[in-house]
Amino acid sequence: MYYFKKLSLCYLIVGVIFLTGCSKDPGTPPELLVDGTAIVVGETTPSSLNESGFTTINLLDYLMFELPEKSWTSSFNLYKDDVSYASLCLVNDSKEEKMVGQCTIEEVKFSHLEDDRKDLDISINGFNPIGKTQEELKELYPELILDDDVDDDTQTHRINNGDYYIYFQYDKGVMTEIEVKHSFSKSYKEK
């Protein structure tokens, strides 16, 4: 009986070590500032940005005020002073319907950075990457993983940190798009 207890205790200790050692590091969210306002992907809600002057507008033809349970949408844009800053992916991960303003911002996408949005006031981990060459980007973000794609026209470089990702897309050597993302269950319903 003594050996059985000792063996059981050993199995318990090994099990605890195995479970704690194999848990995935969720990572740290990138420090994203949009016109001086912090957005934490995976935490911030659209309504929390209202007092900084931001509004979210649905780009689809119909009005959407609520998201059903366990659903997501990428049909909203973030505006301030009639300027469109980014498109948003909003997620309702609860088991009940939620007002859009109370849903979580899981993805922020800045597009057309080579054109009319090249002067956007954004900062990611302390730097504004808009307009930077690929070499300058690598200097700003040493952890950047460069795309080895043979297609010279379009390249996507990324930074991974657990469940958080930053993507920088270049088209013919010019930055065109930046995405800041937090992983969420894609099994949720798209709206």
Next item on the list: Please report the closest heavy-atom contact between P68 and N92, naming both atoms and the distance.
Entry: O-ND2, 3.1 Å

Margin query: Looking at every heavy atom in both M175 and P129, which two are closest together, and how far apart are they?
Written below: CE-O, 3.2 Å

Note to self: Under 3.5 Å, is there a donor on one side chain and an acceptor on the other for D171 and T176?
What the structure shows: no

Checklist line | Minimum heavy-atom distance K132-N128, with the two atoms named | finding: CE-O, 3.5 Å

Note to self: Give me the atom names and distance for the closest heavy-atom approach of P46 to L90.
What the structure shows: CG-CD2, 3.7 Å

Item checked: Minimum heavy-atom distance E143-N125, with the two atoms named -> OE2-ND2, 4.5 Å

Next item on the list: Establish, from distance only, whether the side-chain atoms of N58 and S75 form a donor-acceptor pair under 3.5 Å.
Entry: yes

Item checked: Partner set under side chain to side chain donor-acceptor pair (under 3.5 Å) for R158, not counting sequence neighbours -> none

Note to self: Are Y170 and H157 an aromatic pair, judged by ring center distance below 6.0 Å?
What the structure shows: yes

Margin query: I'd like to know if the side chain of K109 reaches the main chain of A86, judged simply by a donor and an acceptor atom lying under 3.5 Å from each other, with no hydrogens or angles considered.
Written below: no

Next item on the list: Answer yes if the side chains of S47 and Q102 hold a donor-acceptor pair under 3.5 Å, and no otherwise.
Entry: yes

Next item on the list: Kindly give the heavy-atom pair with the smallest separation between G173 and Q134, and that separation in Å.
Entry: CA-NE2, 3.9 Å

Next item on the list: For the residue pair W72 and L67, establish whether any side-chain heavy-atom pair is separated by less than 4.5 Å.
Entry: no

Notebook entry, point to check: Is it the case that K80 places NZ or CZ above or below the six-membered ring of F54, under 6.0 angstrom from the centre and within 45 degrees of the axis?
Noted result: yes

Check: Is there a donor-acceptor pair under 3.5 Å between the side chain of T44 and the backbone N or O of V41?
Finding: no

Next item on the list: Please answer whether the main-chain N or O of T28 pairs with a side-chain N or O of N161 as donor and acceptor at a distance below 3.5 Å.
Entry: yes

Next item on the list: Verify, without hydrogens or angle tests, whether S94 (side chain) and E96 (backbone) share a donor-acceptor contact under 3.5 angstrom.
Entry: yes

